[in-house]
Amino acid sequence: MFPRRRYILFQLTLILALGLSACASATGTPATPTPAVPSATPLPPTPTPPPLAAIVNDEWLTEEEFLAEVERYRAAQAALGNEIATDDAVPVVLDDLIAQILLAQAARAEGFELTEADLGSRMDALISDVGGADALTAWQSEHGYTDESFQSALKRAAEAAWMRDKIIETVPGTAEQVHAQQILLYNEDAARKVADQLNAGTKFADLAVLYDPNTGGELGWFPRGYLLEPALEETAFRLEPGQISDVIESGVGYHILLVVERDSQHQLSPDAYLVMQEKALVDWLAQKRAESDIVLAP
């Protein structure tokens, strides 16, 4: 169906891989902040700051924290069988950390506060999950964390996850959608001959089954922003039910579309709903980046 690739935020932070992001909105109090645990580092009253990787709206991302996260990312990828060069990891990690900081800042601006008690509860749950305090200490050491840096990362991740959930909760469960079928070929001449057959009166369904016996070319229902190939999506939303498109070239091949039906408010499938949530998050981050003062180290 050519759905959009998943946008996986926070893939770098192993804290979230342990399941803590899922409970980010379960604890934490919307209140006047009374910081009791480390957070994203504010600009301190000193003329000689440590080496920095970035400054995001006056909050520091230190070079030390950034490089440690780069190595954690590379190690996590290596465990999956993917050897990632440092130069390739750097932009991925930097983008992810800046996104976390922007989300965490927005959460605090919305009044979300992770108190010392909240953080303690999360730490207790994590200690239980990993098999005790010694096991957690060993894990922190293995992954380049101190107690302070680990709690700081955990706090920021929880704040960011709370804001992420707030953003995606605004996505409605219905949207304008079309139900379409396709005939996909990998040769332009063959696609033109099929188009001629359709114009001569051959039934679309007969040819669709011929070229795709498994699904009959079924694309199902999809909203705007769901397909990976914009040209297909644009064409599908231009057509009326029963209309057949001309040959459409894409990076995959040559397509001919039939719009079966359309609905201005059709229930999103679980997969399409996830894609729309991810799109809402990506769009929010793009706007927030444009509005923010982000300075990268030279």
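We count residues from 1, following the sequence as given. Since this is a predicted model, take the numbers as computed values, not measurements.
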ask   = Would Asp212 and Thr215 count as having a side-chain donor-acceptor pair, cut-off 3.5 Å?
value = yes

message = Does Asp134 have more than 12 heavy atoms from other residues, nucleotides or ligands lying within 6.0 Å of its CG?
response = no

message = With side chain to side chain contact (heavy atoms under 4.5 Å, CB included) as the criterion, how do Gln105 and Val56 come out once you've worked through the C-alpha distance, each side chain's angles and the decisive distance to 0.1 Å?
response = CA-CA 9 Å; Gln105 288 174 346; Val56 182; 4.2 Å; yes

ask   = What pair of heavy atoms forms the shortest contact from Pro223 to Leu268, and how long is it?
value = CG-CD2, 3.7 Å

key: Tyr226/Trp221 aromatic ring centres below 6.0 Å   = no

inquiry  = Could you tell me if Asp118 and Thr115 have a donor-acceptor pair between their side chains, going purely by distance under 3.5 Å?
reply    = yes

query = Would you say the side-chain atoms of Thr235 pair up with the backbone N or O of Ala231, donor to acceptor, closer than 3.5 Å?
reply = yes

ask   = Can you tell me if Ser141 uses its side chain to pair, donor with acceptor, with the backbone of Thr137 under 3.5 Å?
value = no

message = Pair Val171, Gln277 - check side chain to side chain contact (heavy atoms under 4.5 Å, CB included), show working.
response = CA-CA 6 Å; Val171 176; Gln277 288 181 317; 4.1 Å; yes

ask   = Which heavy atom in Tyr145 sits nearest to a heavy atom in Ala153, and how many Å separate them?
value = CE2-CB, 4.1 Å

task = Kindly work out whether a path of hydrophobic side-chain contacts (I/L/V/M/F/W/Y, heavy atoms less than 4.5 Å apart) joins Ile248 to Leu198.
result = no

message = For Ser264, is there any backbone N or O sitting under 3.5 Å from a side-chain donor or acceptor partner on Gln177?
response = no

note = CE of Met163 to CG of Leu285, rounded to nearest 0.5 Å, is 9.5 Å

key: N/O donor-acceptor pair under 3.5 Å between Asn199 side chain and Ala195 backbone   = yes

inquiry  = Which heavy atom of Met123 sits nearest to which heavy atom of Leu136, and what is that distance?
reply    = CE-CD2, 3.8 Å

ask   = Shortest non-hydrogen contact from Ala191 to Leu185?
value = CA-CD1, 3.9 Å

key: Donor-acceptor side-chain pairing of Gln197 and Thr202 below 3.5 angstrom   = no

task = Salt-bridge test for Arg289 and Asp95: reply yes if a basic N is under 4.0 Å from a carboxylate O, no otherwise.
result = yes

task = Search all heavy atoms of Phe112 against all heavy atoms of Ala158 and return the closest pair with its distance.
result = CE2-O, 4.3 Å

query = Counting only heavy atoms not in Glu176, do more than 12 sit closer than 6.0 Å to its CD atom?
reply = yes

inquiry  = Does either side chain, that of Ser152 or that of Ser149, offer a donor lying less than 3.5 Å from an acceptor on the other one?
reply    = no

Within-4.5 Å side-chain heavy-atom neighbours: Trp60 and Pro50 = yes

inquiry  = Under a 3.5 Å cutoff, is there a donor and acceptor pairing between the side chains of Gln151 and Asp147?
reply    = no

message = Working note: Leu126 + Phe150, criterion side chain to side chain contact (heavy atoms under 4.5 Å, CB included); need CA distance, chi angles, decisive distance, verdict.
response = CA-CA 12 Å; Leu126 184 55; Phe150 182 78; 3.3 Å; yes

inquiry  = Arg224 vs Glu233, test: salt bridge (charged side-chain N to carboxylate O under 4.0 Å, His left out). Steps then yes/no.
reply    = CA-CA 7 Å; Arg224 297 180 189 274; Glu233 196 167 274; over 6 Å; no

key: Note, Leu154 side chain near Arg122 side chain (heavy atom, < 4.5 Å)   = yes

query = Under the salt bridge (charged side-chain N to carboxylate O under 4.0 Å, His left out) criterion, do Glu69 and Arg72 qualify, and how do the steps go?
reply = CA-CA 5 Å; Glu69 196 62 53; Arg72 283 191 283 269; 3.2 Å; yes

task = Consider only side-chain heavy atoms of I, L, V, M, F, W and Y, link residues closer than 4.5 Å, and tell whether Phe237 and Val275 are in one cluster.
result = yes

key: Cluster overlap Leu257 with Val247, hydrophobic side-chain contacts below 4.5 Å   = no

Heavy-atom side-chain proximity of Leu94 to Ile98 below 4.5 angstrom = yes

query = CD1 of Ile256 to CD of Gln182: how many Å apart, nearest 0.5 Å?
reply = 10.0 Å

inquiry  = Please say yes or no: joined through hydrophobic side-chain contacts below 4.5 Å, possibly via intermediate residues, are Leu97 and Ile84 part of one cluster?
reply    = yes

request  = Decide yes or no on salt bridge (charged side-chain N to carboxylate O under 4.0 Å, His left out) for Lys166 and Glu169, but give the supporting numbers first.
outcome  = CA-CA 5 Å; Lys166 185 177 177 66; Glu169 284 169 1; over 6 Å; no

Close side-chain approach of Tyr211 to Val194, heavy-atom, < 4.5 Å = yes

request  = Treating Ile, Leu, Val, Met, Phe, Trp and Tyr as nodes and any side-chain heavy-atom pair under 4.5 angstrom as an edge, say whether Leu258 and Leu232 lie in one connected cluster.
outcome  = no

inquiry  = Can you confirm whether more than 12 heavy atoms, excluding those of Asp246, are under 6.0 Å from its CG atom?
reply    = no

query = Could you go step by step and tell me if Tyr254 and Arg192 meet the side chain to side chain contact (heavy atoms under 4.5 Å, CB included) rule?
reply = CA-CA 9 Å; Tyr254 299 88; Arg192 297 294 174 192; over 6 Å; no

message = Rounded at 0.5 Å granularity, tell me how far OG1 in Thr62 sits from CD1 in Ile55.
response = 11.5 Å

inquiry  = Could you check whether His179 and Glu218, counting side-chain N and O atoms only, form a donor-acceptor pair closer than 3.5 Å?
reply    = yes

inquiry  = Please evaluate residues Arg108 and Glu59 with respect to the criterion salt bridge (charged side-chain N to carboxylate O under 4.0 Å, His left out), reporting the C-alpha separation (whole Å), side-chain torsions for both, the decisive distance (0.1 Å), and the verdict.
reply    = CA-CA 13 Å; Arg108 295 193 295 271; Glu59 289 189 12; 2.3 Å; yes

ask   = When you look at Thr174 and His266, which way does the side-chain hydrogen bond (donor to acceptor under 3.5 Å, both in side chains) test go after all the steps?
value = CA-CA 5 Å; Thr174 62; His266 193 79; over 6 Å; no

message = Measuring only between side-chain heavy atoms, which start at C-beta, is Glu71 closer than 4.5 Å to Thr86?
response = yes

Heavy-atom side-chain contact between Ser245 and Leu239 under 4.5 Å = yes

request  = Evaluate the criterion side-chain hydrogen bond (donor to acceptor under 3.5 Å, both in side chains) for residue pair Gln287 and Asp283; output intermediate values, then yes/no.
outcome  = CA-CA 6 Å; Gln287 181 176 350; Asp283 291 346; over 6 Å; no

message = So Phe204 and Ile244, do their side chains get closer than 4.5 Å, heavy atoms only?
response = yes

task = Please tell me if the side chains of Trp284 and Leu103 come closer than 4.5 Å, counting only heavy atoms from C-beta onward.
result = yes

query = What distance do Gln265 atom CD and Asp263 atom CG have between them, rounded to the nearest 0.5 Å?
reply = 7.5 Å

query = What are the two closest non-hydrogen atoms of Tyr273 and Ile168, and how far apart are they?
reply = OH-O, 4.3 Å

remark   = To the nearest 0.5 Å, atom CG of Leu296 lies from atom CG of Leu61 at 9.5 Å

ask   = How far does CZ of Arg156 sit from CG of Leu114, to the nearest 0.5 angstrom?
value = 13.5 Å

query = Hey, does the side chain of Ser250 reach the backbone of Val252 with a donor-acceptor pair shorter than 3.5 angstrom?
reply = yes

